[in-house]
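First the structure, in the form of structure tokens, and then the observations on it.
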Amino acid sequence: MGVSVGTVTEDQASDFLATMGHAFGFDSEEDDVSRFSDVFEWDRARAAYDGERIVGTIGSFSLDMTVPGGTMACGGTTVVSVLPTHRRKGILRMMMDSHLDDVRDREEPIAGLWASESSIYGRFGYGLAAQAAEVTVDRAHTAFHRLAPAPAPVRLISRDDALDLLPPFYDEARKRFPGFLGRSSVWWEKRRLQDRRRNRDGATAYRFAVTEENSVVTGFVQYRYKEDWSEGHGNGTVRIVEMLGSTPEAWSGLWGFALNHDLTSKIIAPNRSPDDPIFGLLAAPRRAHTTVDDSLWIRIIDVARALEGRSYASAASAVIRVHDPLDASTSSWQLHLTPDSAQVTTTAETPQIEMDIEDLGACFMGRSRFQDLARAGRLTGEAEALTALDGAFAWSPAPWCPEVF
């Protein structure tokens with residue numbers, strides 16, 4: 001009997017999670033099924049079955065993702081796993097085909113994911129659309145630049161206050177950042193603010209602080225503190241979970257607050273934007289030790305709707321031919337892009353640029369540049385058309401996805 005891919009129901013959750021656990025290296029605990037089901041969309045789950053046994057998993061979140069100039073429905077590819085006993089049998093390909101069919105059926109123009117292995121998803125058409133930086137600052141080197149703005153006052157708040165104050169601020173602020181996700185009240189409570197002791201690694205529960213102007217929130221930080229003592233001295237760590245500001249004064253206040261905890265030796269902030277204001281605030285930015293990694297990958301599902309659904313920084317016109325590695329198909333598109341509108345139609349004209357759908361996804365949010373990919377030999381095209389598209393697709397701020405999904 002061969003392996004087949006089919007739907008999954010919530011009463012199969014224990015088996016589904018057990019398969020994931022083999023692949024990702026965790027053991028399920030008693031409350032994991034209910035916690036997982038609080039936010040997971042079982043009607044979008046798929047499993048690979050060897051007989052009746054689940055040997056592979058995949059799912060999707062129905063996301064509302066910020067893109068340059070607006071928001072867009074996105075199928076959030078998630079929980080992808082295959083048992084080690086069933087690798088190299090084409091199971092991932094089967095599950096991805098079913099998953100992307102579901103995204104198309106729901107008329108989501110794009111799919112997105114965080115890759116457990118960065119070498120996996122390009123062959124399915126996902127392109128690296130955003131990066132993330134892990135920033136570590138030594139407590140001895142936290143002085144701000146002489147031109148840094150005066151920091152906004154910071155106020156500590158409770159978790160209950162965070163549930164009340166953070167969502168409306170985030171909903172407004174996230175419109176600026178390509179890659180940000182809309183968050184429901186359940187998402188906030190069960191994913192962003194849920195604080196299980198086993199996830200603390202010896203650190204405190206979540207702590208929260210906000211900046212405000214005229215009683216209106218202008219920024220927040222969510223963090224943990226992990227104490228450590230060496231030779232009678234405090235060498236603790238502040239670990240930032242999330243930080244977001246809407247004004248220079250808010251960023252200055254929040255970073256100043258996080259960097260200046262007593263009894264600490266370092267501040268760690270994973271998954272920050274490579275353009276984070278910290279690099280402009282510090283007097284010695286080299287002291288912010290930074291590791292940049294891949295984060296959000298985007299797969300274009302509907303070329304016309306995806307490209308017409310974002311805004312552009314300047315005008316550009318070009319004909320592009322796009323190859324899709326999933327079905328070995330090619331399609332040609334006439335792009336007429338302006339800051340006010342975009343028109344993308346199929347065409348029989350000779351292409352000026354030839355590229356893979358993976359690289360169109362990489363360029364979609366404005367991170368990758370067409371000319372850079374051409375220099376790397378990933379795509380080919382006329383210099384003038386590449387330059388025009390780079391100008392049009394460019395966006396500030398840079399794409400940034402502040403949470404793994």
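- Ring pair Y225/H261 is parallel by interplanar angle, where below 30° counts as parallel and above 60° as perpendicular.
- Residues V103 and R44 have side chains in contact (heavy-atom distance under 4.5 Å, counting atoms from C-beta outward).
- Annotation: side chain of R299 is not in contact with side chain of Y121 (no heavy-atom distance under 4.5 Å).
- Side-chain contact check for T290 versus F279: some heavy-atom pair is nearer than 4.5 Å.
- Geometrically, R159 does not engage Y206 in a cation-pi contact defined by less than 6.0 Å to the ring centre and at most 45° from the axis.
- Using bins of under 30°, 30° to 60° and over 60° for the plane-to-plane angle, the ring pair W42/F40 lands in the perpendicular bin.
- A donor atom on one side chain and an acceptor atom on the other are not found under 3.5 Å apart for S332 and E349.
- Using a 4.0 Å cut-off between charged nitrogen and carboxylate oxygen, K226 and D201 count as a salt-bridge pair.
- D160 and S158 share no side-chain donor-acceptor pair at under 3.5 Å.
- Side-chain N/O atoms of D11 and T9 include a donor and acceptor closer than 3.5 Å.
- L244 is listed as a side-chain neighbour of F180, based on a closest heavy-atom distance under 4.5 Å.
- Remark: R191 qualifies as a cation-pi partner of W187 under the 6.0 Å distance and 45° angle criteria applied to the six-membered ring.
- The minimum heavy-atom distance between G361 and A129, with the atom names listed, is O-CB, 3.6 Å.
- In this structure, W333 and T346 approach most closely via the heavy-atom pair CZ3-CG2, 3.5 Å.
- For the salt bridge (Lys or Arg N to Asp or Glu O under 4.0 Å) with R35, the lone residue among D38, D31, D32 that qualifies is D32.
- The minimum heavy-atom distance linking E108 with S62 is given by the pair OE2-CA, 4.1 Å.
- The closest donor-acceptor contact from the side chain of N260 to the backbone of G256 lies under 3.5 Å.
- One N or O on the side chain of S314 and one on the backbone of G391 form a donor-acceptor pair closer than 3.5 Å.
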Exercise for the section: Would you check, one step at a time, whether the test salt bridge (Lys or Arg N to Asp or Glu O under 4.0 Å) holds for R183 with E403? Expected result: CA-CA 11 Å; R183 296 175 180 172; E403 60 184 304; 2.8 Å; yes

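- Between D294 and R367, none of the side-chain N atoms (NZ, or NE/NH1/NH2) sits under 4.0 Å from a carboxylate O, so this pair counts as no salt bridge.
- Smallest separation of non-hydrogen atoms from I240 and P270: O-CD, 3.3 Å.
- Smallest separation of non-hydrogen atoms from F16 and I54: N-CD1, 3.9 Å.
- Look at R272 and E134 and you find no salt bridge, because none of the NZ, NE, NH1 or NH2 atoms lies under 4.0 Å from a carboxylate O.
- Inspection of the T218 and T211 side chains reveals an N or O donor paired with an N or O acceptor under 3.5 Å.
- The side-chain heavy atoms of R139 and L259, taken from C-beta on, include no pair separated by under 4.5 Å.
- Using a 3.5 Å distance cut-off with no hydrogens or angles, the side chains of R46 and S98 do pair a donor with an acceptor.
- Remark: R375 engages D372 in a salt bridge, criterion side-chain N to carboxylate O under 4.0 Å.
- Under the 3.5 Å distance criterion, the side-chain polar atoms of E242 are left unmatched by any main-chain donor or acceptor of R192.
- S81 and T57 form a side-chain donor-acceptor contact under 3.5 Å, judged by distance and modelled atom types alone.
- In summary, R53 and D15 do not engage in a salt bridge, as defined by a charged side-chain N under 4.0 Å from a carboxylate O.
- Side-chain contact annotation: D276 with W255, donor-acceptor N/O pair under 3.5 Å present.
- Looking at H289 and T136, their side chains never bring a donor and an acceptor atom within 3.5 Å of each other.
- The two residues A392 and A316 make their nearest non-hydrogen contact at CB-CB, 3.8 Å.
- Looking only at atom types and distance, the side chain of T204 has no donor-acceptor partner in the side chain of R224 under 3.5 Å away.
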Exercise for the section: For the pair K266 and D228, evaluate salt bridge (Lys or Arg N to Asp or Glu O under 4.0 Å) and give the outcome as yes or no after the intermediate values. Expected result: CA-CA 11 Å; K266 61 182 176 181; D228 182 34; over 6 Å; no

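- The only member of F364, W395, F393 that meets ring pair (Phe, Tyr, Trp, His ring centres under 6.0 Å) when paired with Y312 is F393.
- At a cut-off of 3.5 Å, with distance as the only test, a side-chain donor of Q371 or T387 sits close to an acceptor on the other residue.
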